[in-house]
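Data first, discussion second: the structure below is written as structure tokens.
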Amino acid sequence: MGSDEALFQRAVISYFLIGPPTYISCRYITAPYGKHHRQGWGPTLPPSLAWFLMESPTLWFTLLLFPFGQHSNNPKSLLLISPFILHYFHRTVIYPLRLHHKPSNAGYPITVALIAFFYNIFNSYLQARWGSCCILVLTWCREHVRIISGIWTSLGKIIPRRGRLSFPLCIEFGILDLI
């Protein structure tokens, strides 16, 4: 196993391991920005600048890393990474511009922006690496994804999603069949 594969596997395992502590901490600690702004989290930045800086790795790091993947020119890889890029283009460029025009007295704590910055580097590594290098894994796990998405769809009928497009909906429309 190459060092890049080992790094990717460790990153995926780490991603799953940080999930439960993050969930637990978010249940008890409210991030101090926006309407929850409070003192004690250090110096602040203007919200539009902080939002741009903390979300920027999802664009530049993904666009830097993705072309080096073995399957980066594969249309399936491009199809999978495109929604990620479009979503984060909105979060990195358009949303901060909209924030810039809203008056705000509250700043955005640099500590929170730094945590988000490093998380976004980690997340963009996983997304770009998986989308450009690991596309072949999909043939192996297709059935597992269908089983999980079936369970997710069943839960979605019980738990309302407030109009958001969910992953199981993509399965129902046959997007996974393109893979």
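Each residue takes its place number in the sequence, starting with 1.
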Side-chain heavy atoms of Ile81 within contact of Thr62, under 4.5 Å: yes
Any donor-acceptor N/O pair, Ser72 side chain to Phe68 backbone, under 3.5 Å: no
Option among Phe117, Tyr125, Tyr119 that satisfies the side chain to side chain contact (heavy atoms under 4.5 Å, CB included) test with Pro57: Phe117
Within-4.5 Å side-chain heavy-atom neighbours: Ile85 and Thr58: no
Residue pair Ile13 / Phe8, side-chain heavy-atom distance below 4.5 Å: no
Side chain Thr92, main chain Phe89, donor-acceptor under 3.5 Å: no
Min side-chain heavy-atom separation Ile121-Phe61 under 4.5 Å: yes
Nearest-0.5 Å distance that lies between atom CD in Gln70 and atom OG in Ser77: 9.5 Å
Backbone N/O of Met54 and side chain of Asn120: donor-acceptor pair under 3.5 Å: yes
Shared hydrophobic cluster for Ile29 and Ile115 (ILVMFWY, side-chain gaps under 4.5 Å): no
Between CG on residue Leu97 and NE2 on residue His90, distance to nearest 0.5 Å: 10.0 Å
Min side-chain heavy-atom separation Trp130-Val12 under 4.5 Å: no
Over 12 non-hydrogen atoms of neighbours within 6.0 angstrom of OH in Tyr88: yes
Output field: ring centroids Phe122/Phe118 closer than 6.0 Å: no
Whether Tyr108 and Trp51 hold their rings parallel, tilted or perpendicular, with breakpoints at 30° and 60°: perpendicular
